[in-house]
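Numbering of ligands and ligand atoms starts at 1, following listing order. The residues of the chain are indexed from 1 along the displayed sequence.
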Amino acid sequence: MFNLILFGPPGSGKGTQSEKLISKYGLKHLSTGDLLRSEIARQTPLGLAVKSLMARGELVPDEIVIEMINSALDNNPQANGFLFDGFPRTNAQAEALDKLLNQKNTEIAIVLALQVSEQELIDRLLKRGLTSDRVDDRNEEVISARIAEYEKKTAAVAEHYRKYDKVKYVNGEGTIDEIFDLLCEQIDKKLKLA
Ligand code: B4P
């Protein structure tokens with residue numbers, strides 16, 4: 001089983017690159033953002049509970065996302081591996097993920113961290129806000145709140161995996177195909193070593 005985390009600030013291209021990576025490597029895509037937005041769209045009790053937090057650009061409580069990931073892992077016993085997109089976003093989530101994978105006799109093989117300047121992140125998200133139905137992309141205040149949450153709570157997750165020498169930094173600025181090639185290069189190197 002090959003499990004990878006695609007890591008980076010909001011707007012760094014995680015969702016965009018995930019689509020291409022899962023199709024090339026046959027991985028199961030687990031995006032906590034997509035799972036949460038689907039709960040909101042279906043107006044489930046969980047969706048109603050997280051809707052306003054997400055609209056303000058704040059993180060959803062750890063217990064909720066950890067339970068969602070736990071169920072998703074259990075529901076995909078045949079997967080060749082998982083691509084985690086937007087998860088883990090706190091150290092508590094990273095520790096919980098390590099434990100869940102350990103119980104299944106597997107682990108994170110590599111963390112690919114996309115690096116993008118703050119101005120580029122803001123420009124990309126505002127641009128998406130013009131055409132998508134994502135309420136958290138519509139104004140700069142919410143986008144700044146998301147970037148601040150990333151700096152305060154999420155950036156430390158890279159440190160957690162750096163301890164185990166699992167983090168590879170990738171330039172997240174350039175064309176989508178250029179960035180995809182850089183990500184594939186890192187994955188292929190890791191697969192050759194496995
Ligand atoms: P997410 O859904 O994870 O969204 P995101 O961080 O904004 O990034 P996304 O993946 O969508 O954007 P991408 O970079 O691909 O999270 C949303 C919210 O959900 C969070 O704020 C939080 O409230 C909640 N949440 C999710 N997971 C959570 C967790 N684990 N714990 C707690 N709360 C959680 O792309 C952005 C734009 O850039 C796109 O329009 C794309 O077309 C464009 N783009 C991509 N690559 C580009 C490139 N190379 N050049 C130009 N544009 C590019």
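Using a 4.0 Å cut-off between charged side-chain N and carboxylate O, Lys127 and Asp137 make no salt bridge. Salt bridge Asp62/Lys153: absent, no basic N to carboxylate O contact under 4.0 Å.
Each of Pro10, Gly11, Ser12, Gly13, Lys14, Gly15, Thr16, Thr32, Gly33, Leu36, Arg37, Met54, Glu58, Leu59, Val60, Val65, Gly86, Phe87, Arg89, Gln93, Arg124, Leu125, Arg128, Arg134, Asp136, Arg146, Gly174, Ile176, Ile179 has a non-hydrogen atom positioned under 4.0 Å from some atom of ligand 1.
Shown here for Leu27 and Phe82, the closest heavy-atom pair between the two residues is CD2-N, 4.3 Å.
The aromatic rings of Tyr164 and His160 lie perpendicular to each other, with more than 60° between the two planes, well past the 30° mark.
With hydrogens and angles left out, the side-chain atoms of Glu149 and Thr154 include no donor and acceptor closer than 3.5 Å. Residues Asp123 and Gln119 have side chains that bring a donor and an acceptor to within less than 3.5 angstrom of each other.
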